[in-house]
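Only one structure is covered here, and it is reproduced in the block below.
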Amino acid sequence: MPHLYLVDGSGYIFRAYHRLPPLTNKHGEPVGAVYGYTTMLWKLVDELNKADGPTHMAVVLDKSEHTFRNELYDQYKAHRPPAPEDLVPQFPMIRDATRAFSLPCIEEAGWEADDLIASYTKAALAQGWSVTIVSSDKDLMQLMTDPSVDMLDTMNNRRLGPADTEEKFGVLPEKLGEVLALMGDSVDNVPGVKGIGPKTAAKLIQEFGTVEAVLEAAPSMKPSKMRDNLIEHAEMARLSHKLVQLASDVPLPEPLEDFALQGIPDAPLRAFLEHHGFRTLLNRLSAVADAPVETHETPGLEEDPPCNHDGYETVIDEAALDQWIEAARHQGWVAIDTETTGVDATRAELVGVSMALQPNKACYIPLGHGGTDMFAERPVQIDRAVALAKLKPLLADPAVLKIGHNLKYDMIVLGRCGLDVAPYDDTIVMSFDLDAGLHGHGMDELAATHLSHSCIAYKDVVGTGKSQLGFGEVDLKAATRYAAEDADVTLRLWRRFKPRLAYEGSTRVYEMVDRPLVAVIAGMEREGIKVDAGVLAKLSSDFSHQIAALEEEIHGIAGFKFTIGSPKQLGDVLFDKMGIKGGRKGKSGVYSTDVNELERIAADKDSPGREMVVKVLDWRQLTKLKSTYTDALQAQINPATGRVHTSYSLTGAQTGRLSSTDPNLQNIPIRTETGRQIRDAFVAEPGNVILSADYSQIELRLAAHIADVPALREAFEQGEDIHNRTAMELFGEVNRDTRGRAKTINFAILYGISRWGLAGRLDVTPDEAQAMINRYFERFPGINRYIADTLNDAKARGYTTTLFGRKTHFPRLKASNPNERAGSERAAINAPIQGTSADIIKRAMARMGPALAEAGLHNVKMLLQVHDELVFELPEGDVEAARPIIQRVMATAAEPAVKLTVPLGVEIGVGPSWGAAH
DNA sequence: CAATTCACG
DNA sequence: GACGTACGTGAATTGA
């Protein structure tokens, strides 16, 4: 029976455009999307040779913007920005590409490609054909109601069936339209029902069957926000239902029979590929002459073969390991990955190592499978100590580059086994330096984005829940497929990123700031910081008593018990039961009870709630300190080291800052006396002390330099108090009030000011706030110029840069939603300053170890980084020698790459604990 | 899992 | 004229 392939061309054009770099051909025409689209068609050619491959094929495109859906709903697809200007000229080229493959191209005014696909599918089924829809569009999944229809997602090399619909949306294709109608679609601006997303929509449809039935049942549901939304937005749901429905009776522009595949003639395809200089594809077309073709393609874009999981080798004898090691030495680079028993690198045990040398040339070396129980059945593997001894010189070989994805983790695990890793590249950091702000940097996401490959899911290897296995319990075949794939994918990513770094101007920040930091951070995490559990336990117990007493008093005032920790219940008590005025409800209908609100009540001498609110504020502080710090930190102490080992993310903050998790040691309390006591639990070993060094006002100093503000620069040069100086400039006199206001305004400037935001903070009217902003701009010329230039640049290029060339992308700067856009604008104003500060302290960190070592100070350990502060532990006797070195390294960290016009101030404190060092 | 709150720079 | 109103984070809790 004939098999019809219908290609959703329009869907692919956009996806290809967004995932490929902006390539141009030798004629200077943008061709990124065309290239992606062409390779997609190429992949389909492989299908021709399959037993149940296509006998008929056509590409379907959108023709016009206006369809019957716009008649139904004038907002349909209304939020779509116009196509990017370098994509527009590619639309006609995509038709050329289709013709080059001698494929029919179907488009019809007034109909979307989806409708044409639905109609052709119906017609083909009526004749008993089978149909494959080449797309990953969720709307088209509705068509898989017939067993003769399936989908092929060439971007991810996946075949999709009804089961995928069920997995993704909780219902079979028959009911998909109902679910889509309820959840809506922000991309097409299908409204759906407010507050209902895929999960809720699936649940409702599973229960009631149809949108209509759900809407009918709504009034009898138990009261909830969802019920209200269903009733309120019933019409929108009905409308959405019509919008997502595919029209399957469109008159067919060409008869099905005309789609019969005739083979693909060589000549037109060759001409097309030559015109654009798609050399890789041209080479594949014929093994004959490959005349050099000039292109501006990013180098390294050649398509890799798909991952062949069954081709990976499990290395279980020494001779094989020797061969891999020798091959890596000979080649000069190798991608590596470690498998372990857990996610915490400072506790997990090594289970195996994988290596990749070329795409599909990868292996897995099991080292700890079957556990350590000597009586248990263990699969055959190389003796762990022997294998590590063989790997050690390779990992330390200065002539062999080790490539990892989040190599910091592997460095810690391997370091605990006595193995150093150098030199190295890290693809997670490369991705961050190239694409911060555009997407995440996890391997699975990058593989999908850059390699059109979906990685084996870790969960599929080890299972989930109670039956989840440790990686060491996974059988070697499955372990090899998973582990070697990770190394393979890492290698493939590296081959793409390495040339991009240079091509896109990010080599500097990668080499001078981020890459050297990986090993430094690994060392800090492994070191950890000593925490005195006794101090924390004492605080926990003190807090418990105070919390219990406050609880009783608060319930006493209310006259009944309630959950103080529930903002909902607290709001009801304060604003409804006690009748306090001025409660503000947020969009979820709950009164806000945050600290601003409670302090407002506390400040009102006539409010009946003052007494309670003051106690609630105390209660809040104490419960926060207890649960987040004094209790949690005790549990985080590693029993093996007696220390707490945080994990820093190098890619967590868009601006280039680090972030800290498990536990977060960058938000240990300091602002209140009660909270500050927690810092006393961070202590030095006997004979040692804690030294804390922090940059003073680094962001304001950088703003003075970057925006070139003479008055601010002078103030810093003279060592003046910067907030006093600002107060003088703005208000003509310095007192506590004006200094406080000046400080607020200084920070507001760094964050991208709005008159309303400033008005709220200073408790003045927006007009008064605007007057202060105007005066600030007047007194500090340069600031408004900086803001305008930064925004112009960011809008034109899509990203901001720091003094060290770090890019942060802001795709939402072009959002049609004004709030979203304004938020991105403020972030873009802040990013160069916050990011430069991050660059500088990172450089200081990378230089700190060598500088101290040069002075013979080998026992000074850098333990923590808190954005503008570094915390060290060192022998008491080394303090006087270390102090000037730390001071100098931090103060000169920008040099020589960047010469600042303001000095960087560094303040140092020393004491037996972190608390005492401040 | 979302919303709220709050700890830090 | 409405919207929400300072940038960047991570963690705990409640409640659906």
Side-chain angles (χ1 to χ4, degrees), chain A residues 195 197-200 203 222-227 562-571 584 586-598 616-617 620-629 631-633 636 646-649 652-672 674-676 678-679 694-699 703 744-762 766 769 773 808 817-835 837-838 841 864-869:
Chain A
K199 301 292 169 194
T200 315
K203 232 172 62 194
K222 60 176 181 181
S224 69
K225 197 77 204 166
M226 182 183 84
R227 171 179 169 272
F562 66 99
T563 308
I564 304 166
S566 162
K568 190 164 174 284
Q569 293 186 33
L570 179 64
R584 293 181 302 113
K587 54 184 162 190
S588 65
V590 176
Y591 288 112
S592 171
T593 61
D594 67 14
V595 70
N596 291 322
E597 199 65 18
L598 297 192
V616 169
L617 283 168
R620 282 241 177 104
Q621 183 187 22
L622 292 169
T623 51
K624 172 84 177 180
L625 294 176
K626 181 168 186 291
S627 67
T628 310
Y629 300 103
D631 288 352
L633 275 174
Q636 289 278 359
T646 184
S647 175
Y648 288 103
S649 169
Q654 308 295 341
T655 53
R657 273 191 177 180
L658 302 181
S659 73
S660 159
T661 59
D662 306 305
N664 182 354
L665 294 186
Q666 291 181 322
N667 70 347
I668 302 300
I670 193 167
R671 291 174 186 172
T672 67
T674 318
R676 224 180 157 122
I678 292 164
R679 294 202 172 212
D694 65 278
Y695 285 111
S696 93
Q697 311 287 5
I698 186 169
E699 292 196 3
T744 299
I745 297 170
N746 275 331
F747 281 109
I749 292 292
L750 300 181
Y751 299 148
I753 199 163
S754 85
R755 76 181 81 162
W756 300 279
L758 187 62
R761 301 267 160 164
L762 293 180
I773 294 167
T808 303
N817 178 331
N819 285 324
E820 207 177 348
R821 207 168 53 233
S824 278
E825 287 176 356
R826 293 193 297 268
I829 290 166
N830 181 244
I833 296 167
Q834 190 181 114
S837 162
I841 195 167
L864 302 178
Q865 188 251 43
V866 193
H867 309 309
D868 64 359
E869 174 188 11

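We name chains A, B, ... by the order of the sequence lines, and we start the count at 1 in each one.
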* Structure fact -> With sequence neighbours left out, the residues meeting side chain to side chain donor-acceptor pair (under 3.5 Å) with A:S647 are A:K408
* **Residues in side chain to side chain donor-acceptor pair (under 3.5 Å) contact with A:D694, at least two apart in sequence or another chain** => none
Check whether any side-chain N or O of [X] sits under 4.0 Å from OP1 or OP2 of [N], and answer yes or no.
| X | N | result |
| --- | --- | --- |
| A:R657 | B:dG9 | no |
| A:R826 | C:dC7 | yes |
| A:T655 | C:dC7 | no |

Describe the nucleic acid contact of [X] in one word from base, sugar-phosphate, nothing, applying a heavy-atom distance below 4.0 Å.
| X | value |
| --- | --- |
| A:T623 | nothing |
| A:G652 | sugar-phosphate |
| A:I670 | sugar-phosphate |
| A:Q654 | sugar-phosphate |
| A:R620 | sugar-phosphate |
| A:L750 | nothing |
| A:G760 | nothing |
| A:S592 | sugar-phosphate |

Measure from [atom1] on [X] to [atom2] on [N] and round the result to the nearest Å.
| X | N | atom1 | atom2 | result |
| --- | --- | --- | --- | --- |
| A:Y629 | C:dA12 | OH | P | 9 Å |
| A:K626 | B:dA7 | NZ | C1' | 17 Å |
| A:Q621 | C:dA11 | CD | P | 20 Å |
| A:R671 | B:dT5 | CZ | P | 18 Å |
| A:F562 | C:dG15 | CZ | P | 11 Å |
| A:L625 | B:dC6 | CG | C1' | 10 Å |
| A:L598 | B:dC6 | CG | C1' | 12 Å |
| A:L622 | B:dT5 | CG | C1' | 15 Å |

* Considering only atom P, compute the distance from C:dT5 to B:dT4 and round it to an integer number of Å. => 11 Å
* Asked: On a whole-Å scale, what distance lies between the P atoms belonging to B:dT5 and C:dG4?
  -> 15 Å
* Any donor-acceptor N or O pair under 3.5 Å, side chains A:Q666, A:S659 -> no
When you get a sec, tell me which of [options] is the closest nucleotide to the side chain of [X]?
| X | options | result |
| --- | --- | --- |
| A:S566 | C:dA6, C:dT14, C:dC7 | C:dT14 |
| A:D868 | B:dC6, C:dA12, B:dG9 | B:dG9 |
| A:N819 | C:dA6, C:dC3, B:dG9 | C:dC3 |
| A:Q569 | B:dT5, B:dG9, C:dG15 | C:dG15 |
| A:D594 | C:dC7, C:dG8, B:dT5 | B:dT5 |
| A:Y751 | B:dT4, B:dA7, C:dC7 | C:dC7 |
| A:A653 | B:dG9, C:dT9, C:dA16 | C:dT9 |
| A:T563 | C:dC7, C:dT14, B:dT5 | C:dT14 |

* **side chain to side chain donor-acceptor pair (under 3.5 Å) partners of residues 751-760 of chain A, not counting sequence neighbours, each pair once** => A:R755-A:Q770
* Asked: Where do A:I829 and A:L750 land on the side chain to side chain contact (heavy atoms under 4.5 Å, CB included) test, with the steps shown first?
  -> CA-CA 7 Å; A:I829 290 166; A:L750 300 181; over 6 Å; no
* To do: With sequence neighbours left out, write down each residue that passes ring-ring contact (aromatic ring centres under 6.0 Å, His included) with A:Y591, or none if nothing qualifies.
  => A:F575
* To do: Would you sketch DNA chain C in dot-bracket for me? Only Watson-Crick or G-U wobble pairs with both distances under 3.5 Å count, crossing pairs as [ ], other-strand pairs as |, the rest as dots.
  => ......|||||||||.
* **A:E597: salt bridge (charged side-chain N to carboxylate O under 4.0 Å, His left out) partners, not counting sequence neighbours** => A:R584, A:R600
* To do: Apply salt bridge (charged side-chain N to carboxylate O under 4.0 Å, His left out) to A:K626 and list each qualifying residue two or more places apart in sequence or on a separate chain.
  => A:D631
* Name all pairs fulfilling the salt bridge (charged side-chain N to carboxylate O under 4.0 Å, His left out) condition that reach into residues 655-667 of chain A, sequence neighbours left out, sorted by first residue then second. => A:R657-A:E699
* Could you walk me through whether A:R676 and A:I668 pass the side chain to side chain contact (heavy atoms under 4.5 Å, CB included) check? -> CA-CA 8 Å; A:R676 224 180 157 122; A:I668 302 300; over 6 Å; no
* Determine, step by step, whether A:L665 and A:V866 satisfy the side chain to side chain contact (heavy atoms under 4.5 Å, CB included) criterion, reporting the C-alpha distance in whole Å, the side-chain angles of both residues, the deciding distance to 0.1 Å, and the verdict. => CA-CA 8 Å; A:L665 294 186; A:V866 193; over 6 Å; no
* Which residues in residues 658-667 of chain A have at least one heavy atom lying under 4.0 Å from any atom of DNA chain B? -> A:Q666, A:N667
* Show your reasoning for whether side chain to side chain contact (heavy atoms under 4.5 Å, CB included) applies to A:T646 and A:N664. => CA-CA 7 Å; A:T646 184; A:N664 182 354; over 6 Å; no
* Structure fact -> Contacts of A:K568 and A:F747 projected onto DNA chain C by closest heavy atom; the upstream (5') one is A:F747
